[in-house]
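Reading through the structure tokens given below for one structure.
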Amino acid sequence: MKRLCTALLLFFAWVAPAFAQQGHPLTGTWQGDWGPNANTRHFLTLIMEWDGKRITGIANPGPDSTEIDQLTLNAADWSVAIDMDLKDSEGKTVRFRGTGKLNELGSQNRVIEGTWNADGQSGTFTLTRQSGA
Amino acid sequence: MSSFAPVGLPRLLPCVILASLPFVAEAHHPLSAKFDTNTSNTLQGQVSAVDWSNPHVHVFVNVENPDGSLTNWALELPSRVELEWSGWRPEALQAGQRITATGWPALNGTHQLWAESLSDSTGKAVFTVTDDPFSKRLAERSEGPTPRWPDGKPRLGPAPGQSGFWGLPSRRSLIEDGQNVVMDEHGLLANLDDAAKVAPFQDWALALYRFRQSNHLRDDPMFLYCVPPAGPRQFQQPFGAQFIEDKDHQRIFLLLGGGNGNWRLIYTDGREQVGQVSGNDDNPLFFGRATAHWEGDTLVVENTGFNEGFWFSNGGLPHTKLLKMTERFTRLDQNTLQYAVTVDDPGAYTRSWTSTWELQWFPGEELPEYYCQDNRP
């Protein structure tokens with residue numbers, strides 16, 4: 001069974017990029033976390049869509065889902081700005097304003113790393129684009 | 001320069017196969033993406049195996065090190081199809097033969113060399129591609145008017161009892177008609193500053209195109225993962241395309257000689273752009289959905305429903321799922337097919353634009369067998 005699982009993992013690790021998205025660099029599902037320090041992190045999922053004029057999307061799909069109010073990509077330096085409401089681990093809504101940089105542009109698992117501030121707090125966030133999504 | 005002693009092929013073959021895996025995963029890039037084209041190395045050694053495959057033939061050579069140990073080098077060559085078109089067969093080089101190879105070493109420092117020249121122990125060149133394997137065959141063609149069906153429509157494929165396919169595209173990357181930009185057969189720009197002339201890009205699309213270009217196209221999913229060369233790219237490949245016109249069912253099969261033996265369907269029965277080939281708005285396809293009609297002697301094909309999982313042109317021009325593509329096929333005479341594609345993608349471009357090129361008829365031949373996966377794990 002362990003062998004089968006390993007084989008399946010290897011298979012999907014190889015196959016998944018074949019179906020990966022090659023269009024607008026932000027389109028797709030991104031997963032990561034945000035928090036004020038290394039010990040306190042909140043899970044974060046963003047689903048982003050490009051309609052030809054603007055990037056839209058939702059955060060944390062499910063009961064705590066929120067819409068992204070503003071999301072911009074500056075292609076001159078691949079910087080990203082995100083403005084949205086988020087619910088933290090206690091269910092409290094906070095206003096999340098993040099700025100980051102899109103890295104590993106040629107990879108299916110591109111990464112956005114940056115900093116945020118919300119309600120007087122600040123910290124870092126990281127998002128990785130999911131293959132096949 | 002090194003030399004060495006023979007090693008038993010059966011013992012070495014598993015190692016050869018294993019060792020080749022990383023190479024083929026990067027195969028068929030622009031050479032500058034994988035090899036240091038500014039450095040020339042020469043190796044001498046003994047052939048341990050010949051992998052007669054697409055997208056690249058590999059010759060494995062044991063090179064003796066100063067301490068007497070052996071290092072197995074992988075010499076990369078053009079595709080099997082190209083070598084066969086130049087008259088070569090794998091038997092021209094046997095395991096155990098001594099050879100000399102000169103070429104470019106791999107950028108990543110592994111034991112790989114793009115063999116610009118390869119010669120046997122007598123100094124005779126082997127596995128060299130003639131400068132133009134097409135010119136002789138093109139010169140032997142007979143001229144003639146556009147072949148037609150009994151109903152007067154142009155034949156896009158061969159007449160009954162004949163064979164042939166379309167190849168040798170005059171343009172190897174999308175570029176807007178009227179623009180004068182120099183690029184190589186992979187769509188790699190001679191001058192990166194010309195990028196904005198290629199098409200009316202949106203800002204992000206131009207930046208991404210420039211990134212892919214400056215990266216020597218090494219992230220191309222067609223080469224990395226054998227993703228289909230869909231969209232206009234199917235007519236930019238060296239190994240051609242073939243039309244099978246199925247009049248009874250009012251549809252055209254379009255077979256591709258490159259990629260991985262891909263094909264697509266073009267419906268000519270007047271159906272709507274919905275519910276075909278299992279594709280719909282929730283299930284976009286590599287080749288999209290295609291319906292066609294005739295305008296005079298031109299077959300006009302409307303395409304929509306593309307996914308974003310591939311590069312739709314050599315050279316790395318981006319597209320989005322908003323892409324709508326109108327193709328116009330006109331057989332100008334027996335030997336010439338004009339292909340014009342209008343790209344309407346408001347997700348990546350500021351306006352619609354058109355690129356036009358020609359393909360040549362290769363009579364008496366079927367599409368070459370070329371599978372991207374030939375020497376993949």
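Chain naming here is simple, since letters A, B, ... match the order of the sequence lines and numbering starts at 1 in each.
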Self-check item: Residues from residues 60-71 of chain A approaching chain B under 4.5 Å (heavy atoms)
Solution: none
Quiz item: If every non-hydrogen atom of A:Q21 is compared with every non-hydrogen atom of B:E308, which pair is closest and at what distance?
Solution: NE2-OE1, 2.7 Å
Quiz item: Which answer fits B:F312, side chain, backbone, both or neither, if we ask what part of it has an atom under 4.5 Å from a heavy atom of chain A?
Solution: neither
Quiz item: Among all residues two or more places apart in sequence or in another chain, which pass the salt bridge (Lys or Arg N to Asp or Glu O under 4.0 Å) test with B:K324?
Solution: none
Practice problem: Please flag which part of A:N74 lies under 4.5 Å from any non-hydrogen atom of chain B: side chain, backbone, both or neither. | Solution: neither
Under 3.5 Å, which donor-acceptor pairs do the side chains of residues 202-210 of chain B form with other protein atoms, sequence neighbours left out?
| residue | atom | partner | partner atom | Å |
| --- | --- | --- | --- | --- |
| B:Q202 | OE1 | B:W204 | NE1 | 3.4 |
| B:Q202 | NE2 | A:G52 | O | 3.3 |
| B:Q202 | NE2 | B:P346 | O | 2.6 |
| B:W204 | NE1 | B:G347 | O | 3.1 |
| B:R210 | NH1 | B:L192 | O | 3.3 |

Practice problem: Mind checking salt bridge (Lys or Arg N to Asp or Glu O under 4.0 Å) for B:R264 and listing every partner two or more places apart, or none if nothing turns up? | Solution: B:E327
Quiz item: To the nearest 0.5 Å, how far apart are CD in A:Q22 and CG in B:L317?
Solution: 13.0 Å
